[in-house]
Amino acid sequence: MDDVPLGTHVTGLRLDRAEILAVLGAATRAPSVHNTQPWRFRLRSGTIDVLRDPERWLRVADPDGREQRLACGAAVRTLRLALIGLGHRPFVTLHPDRTDPWLMATVRRGSGRPATVPEQAMLDAIGVRRTQRTDFGPGGVTAEARLALRRAAIDAGVWLDLVADPEVADRLGAMARRAYRTRMDDPAFRAEVARWTSWADDRHDGVAADLGGPAVSPSAVWLPGGARPADGQGLSPSSPLLGFVSTHADGPAEEVRAGEGLQSVLLAAAAHGLSAAFLSELIDVEPVRTDVHRLLGRPRRIQAAIRLGVATASPPTPRRPVEDVLTEDSEPLPPV
Ligand SMILES: Cc1cc2nc3c(=O)[nH]c(=O)nc-3n(C[C@H](O)[C@H](O)[C@H](O)COP(=O)(O)O)c2cc1C
C-alpha cells in the first residue's frame, strides 16, 4: 500500500494516508451488480470524487446505467460512514454537475462529530454485509428490526416499503420468475453474466462460479434447495419479507440517492443479524416493472427489490485493491 500514489491530496483532505486508504477500502466493500465494482475515486484538494467507471458498465443488463449509479451510491454511503467513523462529518453533493454523466458525487470533509449508535452499528457491518446466495433459514424479522430498516432508509432520503402479505409476496414471486426467464432467454445477457462469473482464485471482481456466479437469481433459490419452481408456487415460508427501496423522483441524482438508501438498509439489516438477497429482475425487466408498481400501488419510483431474513452468511466476494480504483485528475472520460 506504501506505493499507492495519493500525491498532495492527503494534505487537502486533512486525512492521513492510512485514513484515506481505509475510507476508500471501506467504500469498495459496497455491493454492485455481478460484483463489477463499477466505481472510481478521484482525489482532489479537499474532495473525493466518486465516478462511474465506463469500463465496468454492464451495457446489456443495465443499458441506461441506472444500476451502476445505484452501486456508486452504495459506495458513497459507505464512504460517508467510514469518514464518520474517523470523526469527520462528510459533506456530500450527489451528481453535482448535470453536464458530467460520470461524476456521481463529491465528498468533502465537514466539521467533526462522533458516530451515532446506529451509525456505529452500520460501520461495524460494512465488512460483514454480504449478498445472500442460498436460501434463508427459519426466523423472522422483528418489529424492532423493521423499524431500524425504515429509519435507515429515511436517514438516506429514500423510502423502504416492507411487504409481508403472503398473497402479494406470491404474486411478486411469480413476477420475479417471469422476469428472470425473460432475462436468461437473452443470449447477450447470458454472455455478459458469463464474463463476470469468476473461475480464477486470483480475480478481484465478479462472482465465483462455486458461489453460483452472478447468474443465480434469488428467484432460483426462492424455494429451499434451489429448486426452480413453477409459476404460482408460493414463497419460501422462511423468507417472507420483501423490501422495496424507492425515491420520489426519477433521474441520475435520485438513483445515486437510491444506492445510498439501499446500502443504508443493507447495513442496518446486517447490523440486526439479517441477510438480504436481491430481486433486481422485478425492477429491470419491462413489463414486469410496471406490474410491480401497479401491484404495490406506490406513487414513487421503485429502485431496488430485496428479500430479507435470517440465514447462514454466504462467503465473501473479492474486491479490487484501492490502487486499482483510484483515478488521476486529468484522466478524460468518454462521452456516454
Ligand atoms: C443495484 C444492484 C443490483 C443487484 N442485483 C442482483 C441480482 O439481481 N441478483 C443477485 O444475486 N445479486 C444482485 N446484486 C448483488 C451483487 O451480486 C453483489 O453485491 C456483488 O456480487 C458483491 O457481493 P456482496 O454484496 O456479497 O459483497 C445487486 C447489487 C446491486 C448494487
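Side chains included, hydrogens not; waters and symmetry mates left out as well; all remaining heavy atoms used. All ligand and atom numbering here is 1-based and tracks the order in the structure.
With ligand atoms numbered from 1 in the order given, ligand 1 contributes 17 (O) to contacts under 4.0 Å with heavy atoms of H34. Contact atoms of ligand 1 toward P31: 19 (O), 25 (O), 31 (C) (distance under 4.0 Å to a heavy atom of the residue). Proximity to N35 (heavy-atom distance under 4.0 Å) selects the following atoms of ligand 1: 20 (C), 21 (O), 22 (C). Close contacts between ligand 1 and E67 involve ligand atoms 3 (C) [criterion: under 4.0 Å to a heavy atom]. Near R130, with a cut-off below 4.0 Å to any heavy atom, the atoms of ligand 1 are 26 (O). Those atoms of ligand 1 with a heavy atom of V207 less than 4.0 angstrom away are 21 (O).
In terms of polar-atom proximity, defined here as any N/O pair under 3.5 Å, R29 makes no such contact with ligand 1. Ligand 1 has an N or O atom lying under 3.5 Å from an N or O atom of T131, backbone or side chain. Any N or O atom pair closer than 3.5 Å counts here, and R129 shares at least one such pair with ligand 1.
With a 6.0 Å radius and a threshold of 12 heavy atoms from other residues, nucleotides or ligands, D201 has its CG atom at or below the threshold. Around the CZ atom of R319, the shell of radius 6.0 Å holds more than 12 heavy atoms that belong to other residues, nucleotides or ligands. Atom CZ of R89 has 12 or fewer heavy atoms from other residues, nucleotides or ligands within 6.0 Å.
Cation-pi contact between R52 and W57: present, with separation from the ring centre below 6.0 Å and deviation from the ring axis of at most 45°.
Inspection of the R133 and S314 side chains reveals no N or O donor paired with an N or O acceptor under 3.5 Å.
Scanning for side chain to side chain donor-acceptor pair (under 3.5 Å) contacts around T106 gives an empty result, with sequence neighbours left out.
The proximity of Q68 to ligand 1, defined as any non-hydrogen pair under 4.0 Å, does not occur for either the backbone or the side chain. Contacts between T317 and ligand 1 below 4.0 angstrom, taking non-hydrogen atoms only, involve the side chain exclusively.
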Problem set entry | Working for side-chain contact (heavy atoms from CB on, under 4.5 Å), residues Y180 and L279 | CA-CA 9 Å; Y180 181 64; L279 284 169; over 6 Å; no

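Paired with D205 under the rule salt bridge (charged side-chain N to carboxylate O under 4.0 Å, His left out), one option of R195, R320, R56 passes, and it is R56.
A heavy-atom separation below 4.0 Å is not found between A74 and ligand 1.
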